[in-house]
Amino acid sequence: MSPSYQAAPVIDEKLEAIHAEVVRLNPGEPEFHEATRDVLESLGLVIAKHPEFARNKIIQRVCEPERQIIFRVPWQDDQGEVHINRGYRVEFNSALGPYKGGLRFHRSVNLSIVKFLGFEQIFKNALTGLPIGGGKGGSNFDPKGRSDTEIMRFCQSFMTELYRHVGEYTDVPAGDTGVGRREIGYLFGQYKRITNRYESGVLTGKGTDWGGALVREEATGYGTVFFLTEMLQAIGDSVDDRDCVVSGSGNVALHAIDKLQQLGGRVIACSDSDGVVHDPKGIDIALLRHVKEVERLRVSDYAQLRPDARYLPGGNIWSIPCHLALPCATQNELSGRDAAVLIANGCIAVAEGANKPTTFEGVQLFLEGGVAFGPGKAANAGGVATSALEMQQNASRDSWSFEYTEARLAGIMADIHQTCLETAEEFGAPGNYVVGANIAGFQRVARAMTALGLI
Ligand code: NDP
Ligand code: 2IT
C-alpha cells in the first residue's frame, strides 16, 4: 500500500496576524517563533469549526505563558572559583493539570529555547490524555567536564530558588538534555531539605529505590520506537530487518537503540556533538551504555573499542543510508538537505525522539516525499507520559512492575498514534501526523481552557 501523506496547509490569514503579534511581543526568540508557527499553521480549520475558540482568544492565550521565572544561580567550582548561571522555569499552561516538563542544562539554553520547549510540551502532554499541563525549565550551565561535586552544588543552588515555584500540585519538573537521574537526585535532596517534606511527586525521573517509576528512564526512547512501529504497521511494514540510524547517544538515543534491536532492527550509527560512529555490524548497546553511562565518555571512545566501527569526526549522520531515521539529539539537527539525502537513500520513516530536531524544510520534504513522519510532540511523548505514571504511583504510594508499566506505555503510544491518524483524516490531511498531533493536542487544551473560564 502506498501512503498518501499530505503537506501541511498554508497558514490562515487570521492566524498569520496572530503569529505576527507573537513575534512582535517576543523579539529575538527564533526557536519560540518557529514552534508557535508550526502549531498555528495547522489550526485554520479548527478555528473555522469552533468559533468559540476564536471568541475566547484561545490561540493568543495559549501563546502567552502563564508565568515565567528567571533567576540567578551562583555556585562554586572545586577550586573555589565563583560562577554565575541563569535559571529558567516557564510555567506555560495549567488547563489540564500541574505544569509538567523537563529541565535542560546546556550552554545553549536561553529564554527562546525554554519557551519553545514549554510550548511544545503543552500539546505533547495533552496528547497523552493524562492530567498534565505544560512547562519547561533549565539553565545555561554547561555540565561537560564538571565533577560530581560541582554538579551537586549547581543543582543545590538551582533548587534553592526553584523550590518556591514547584510542588506536586503546582509544577513537576523532570529531566531533559544534561539532566538525568543523578541531577534529579541532587535536586530532590535539596527540595526535601529546604521544605522538610518527602514530597515524591514534586519531581519525576527519580531513582527507582527512592520513589522513581520503573521504565521512566527507558520511556522516551522506547515510546519513540513504539510510535514508529505503529506508523510502520499502518503502511504494512515493520522495524524487523530494517537499517536504522539514531542520532545522539544520550538517554533518548540509548533506549531507542535498545528497543529497535529488541524488535529486530539493525542500528548502524549513532552520534554525539563531536562526531558519528558508523558500525555496520550493528551497535553493541551494552558496550555503548557502558562507555556513555558508566564511564561518561564519548562515541569516539566506543569506536576505538569496536574494530569494525568507523568514527567520523564532525560527520553528518544523515548521509549514512538507512530505512528508518530517529533524530534523538537536539533541535534543528536534520535540515532540508539532510531530508533530501535520506529520501534519496530510501528512508521510509522518521520518528523524532528529540524535540523539533527536523527543520521546517526537512518536515515539508518528508511529507511531500511520502515518508512516514512522526513529529516529536507525538513520537517522544512516552517520556512525559511515564512521568505522569510516576506521579500516579507516588500519589498512591505504590510501585508497578516493569512489564505492567511498559505495557501501559505501549498502550498510550498506540492511542496517541491512533488519535493523530484519525484527527489528520478528519481535517483533510490523511497520513499527516504533524497536522494530526497539532490539532488533537490543541483541541484538548482549548476545550479545557474554554471550560475553565477567562483565567
Ligand atoms: P542527553 O543529555 O541524555 O543526551 C543528548 C545527546 O544528544 C548527547 O549524546 C549529546 O551529545 C547529543 N547532542 C546534543 N547536541 C548535539 C548536536 N548538536 N549534534 C549531535 N549530537 C548532539 O539528553 P536526552 O537524550 O534526554 O535528550 C535528547 C533530546 O530528546 C532533546 O531534544 C530532549 O529535549 C528530547 N527529549 C528528552 C526526553 C527525556 O525524557 N529525557 C523526553 C522527550 C524529549 P554531547 O554529549 O556531545 O552533547
Ligand atoms: O521533552 C520532554 O517531554 C521531557 N523532557 C520529559 C518531561 C517530563 O516531565 O517527563
Side-chain angles (χ1 to χ4, degrees), residues 31 97-109 113-114 116-125 127-128 130 132-138 142-145 166 171-184 202-206 212-213 215-224 246-257 270-277 288 291-293 296-300 302 314-318 326-334 352-358 375-391:
E31 293 85 359
Y99 310 105
K100 183 84 196 85
L103 296 172
R104 175 177 292 192
F105 292 170
H106 192 271
R107 63 180 189 285
S108 64
V109 166
I113 289 180
V114 177
F116 121 63
L117 291 164
F119 188 74
E120 283 285 290
Q121 200 82 48
I122 303 170
F123 309 104
K124 182 196 302 192
N125 294 4
L127 277 173
T128 67
L130 298 164
I132 39 179
K136 201 84 187 189
D142 183 1
K144 276 203 186 114
V166 296
D171 184 356
V172 183
D176 192 83
T177 303
V179 179
R181 181 168 295 183
R182 174 180 60 168
E183 291 74 17
I184 294 293
V202 68
L203 289 165
T204 59
K206 299 180 293 294
V215 190
R216 174 61 191 90
E217 188 173 308
E218 293 82 358
T220 310
Y222 278 22
T224 303
V246 178
S247 66
S249 50
N251 171 278
V252 179
L254 288 172
H255 295 103
I257 294 170
C270 68
S271 62
D272 58 28
S273 57
D274 296 329
V276 172
V277 59
L288 181 64
V291 168
K292 293 294 302 182
E293 293 182 331
R296 293 188 184 270
L297 294 172
R298 318 289 300 157
V299 296
S300 56
Y302 166 88
N316 183 344
I317 195 166
W318 310 121
L326 288 83
C328 295
T330 193
Q331 64 272 6
N332 296 328
E333 56 162 314
L334 199 166
E352 293 189 325
N355 285 307
K356 288 188 81 59
T358 312
K377 66 170 73 66
N380 73 38
V384 76
T386 309
S387 277
L389 301 182
E390 183 168 322
M391 291 163 73

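Just follow the structure's listing: the first ligand is 1, and inside any ligand the first atom is 1. Please read all numbers here as calculations on a predicted model, not as lab measurements.
- If you check which protein heavy atom lies closest to atom 27 (O) of ligand 1, you get T177 OG1, 3.6 Å.
- Distance CG/N251 to CG/D176: 9.5 Å, rounded to 0.5 Å.
- Taking all heavy atoms of L254, V299, V179, D176 into account, the minimum distance to atom 33 (C) of ligand 1 is reached by D176.
- Contact atoms of ligand 1 toward N380: 43 (C), 44 (C) (distance under 4.0 Å to a heavy atom of the residue).
- Neither the backbone nor the side chain of L117 has any atom closer than 4.0 Å to an atom of ligand 2 (non-hydrogen atoms only).
- Remark: the N125 side chain and the K377 side chain contain no N/O donor-acceptor pair separated by less than 3.5 Å.
- Protein heavy atom at the shortest distance from atom 22 (C) of ligand 1 is A329 CB, 3.6 Å.
- Close contacts between ligand 1 and C328 involve ligand atoms 28 (C), 29 (C) [criterion: under 4.0 Å to a heavy atom].
- When only non-hydrogen protein atoms are considered, atom 14 (C) of ligand 1 lies nearest to T330 CB, 4.2 Å.
- Residue, atom and distance of the protein heavy atom nearest to atom 20 (C) of ligand 1 are D272 O, 3.4 Å.
- Atoms of ligand 2 found under 4.0 Å from any heavy atom of G175 (numbered from 1 in listed order, with element): 4 (C), 5 (N), 6 (C).
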*asked:* Run the side chain to side chain donor-acceptor pair (under 3.5 Å) test on S387 and R216 for me, step by step, so that the C-alpha distance in whole Å, both residues' side-chain angles and the decisive distance to 0.1 Å come before the verdict.
replied: CA-CA 6 Å; S387 277; R216 174 61 191 90; 2.8 Å; yes
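- Closest to atom 6 (C) of ligand 1, if we only count protein heavy atoms, is G250 N, 3.9 Å.
- Here atom 9 (O) of ligand 1 lies nearest to S249 when heavy atoms of G138, S249, G102, A381 are compared.
- In this structure, CD in E183 is found 12.0 Å from CG in L203, a value given to the nearest 0.5 Å.
- Not one N or O of D274 is nearer than 3.5 Å to an N or O of ligand 1, by distance alone.
- Between V252 and ligand 1, a contact under 3.5 Å exists for at least one N or O pair.
- Counting only heavy atoms of the protein, atom 5 (N) of ligand 2 lies nearest to D176 OD1, 2.9 Å.
- Here Y302 pairs with nothing under the ring pair (Phe, Tyr, Trp, His ring centres under 6.0 Å) rule; sequence neighbours left out.
- Heavy-atom contacts of A174 reach the following atoms of ligand 2: 8 (C), 9 (O), 10 (O) (cutoff under 4.0 Å).
- Neither the backbone nor the side chain of E120 has any atom closer than 4.0 Å to an atom of ligand 2 (non-hydrogen atoms only).
- Contact atoms of ligand 1 toward G178: 2 (O) (distance under 4.0 Å to a heavy atom of the residue).
- Within the 4.0 Å heavy-atom shell around ligand 2 one finds K136.
- Distance from atom 2 (C) of ligand 2 to its nearest protein heavy atom, with residue and atom name: K124 NZ, 3.3 Å.
- For K292, no nitrogen or oxygen atom sits less than 3.5 Å from a nitrogen or oxygen atom of ligand 1, counting backbone and side chain alike.
- Between atom CG of residue D272 and atom CD1 of residue I317 there is a gap of 10.0 Å, rounded to the nearest 0.5 Å.
- Shortest non-hydrogen contact noted between R298 and S273 is NH2-OG, 3.7 Å.
- Residue contacts with ligand 2 leave out P173, since none of its heavy atoms falls under 4.0 Å from the ligand.
- Near R298, the atoms of ligand 1 lying under 4.0 angstrom from a non-hydrogen atom of the residue are 45 (P), 46 (O), 47 (O).
- Geometrically, ligand 2 and Q121 share a nitrogen or oxygen pair separated by less than 3.5 Å.
- The distance criterion of under 3.5 Å between nitrogen or oxygen atoms is met by R216 with respect to ligand 1.
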*Run the numbers on D171 and K100 for salt bridge (Lys or Arg N to Asp or Glu O under 4.0 Å), then give the verdict.*
CA-CA 6 Å; D171 184 356; K100 183 84 196 85; over 6 Å; no
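- Here the protein heavy atom with the shortest distance to atom 41 (N) of ligand 1 is N251 OD1, 3.8 Å.
- Remark: N380 CG to C328 SG distance equals 8.5 Å, nearest 0.5 Å.
- Annotation: T220 places an N or O atom under 3.5 Å from an N or O atom of ligand 1; distance criterion only.
- Here the protein heavy atom with the shortest distance to atom 48 (O) of ligand 1 is K144 NZ, 3.1 Å.
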*Take T224 and E352 through the side chain to side chain donor-acceptor pair (under 3.5 Å) test and state the conclusion after the steps.*
CA-CA 7 Å; T224 303; E352 293 189 325; over 6 Å; no
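- Heavy-atom contacts of R104 reach the following atoms of ligand 1: 31 (C), 32 (O), 33 (C), 34 (O) (cutoff under 4.0 Å).
- Here the protein heavy atom with the shortest distance to atom 45 (P) of ligand 1 is S273 OG, 3.5 Å.
- Within ligand 2, counting atoms from 1 as listed, the ones closer than 4.0 Å to a heavy atom of G101 are 7 (C), 9 (O).
- Taking atom 7 (C) of ligand 2 as the reference point, the nearest protein heavy-atom neighbour is G102 N, 3.5 Å.
- Atoms of ligand 1 found under 4.0 Å from any heavy atom of G353 (numbered from 1 in listed order, with element): 30 (O), 35 (C), 36 (N), 44 (C).
- Side-chain contact check for K356 and N332: no donor-acceptor pair (N or O, by modelled atom type) lies under 3.5 Å.
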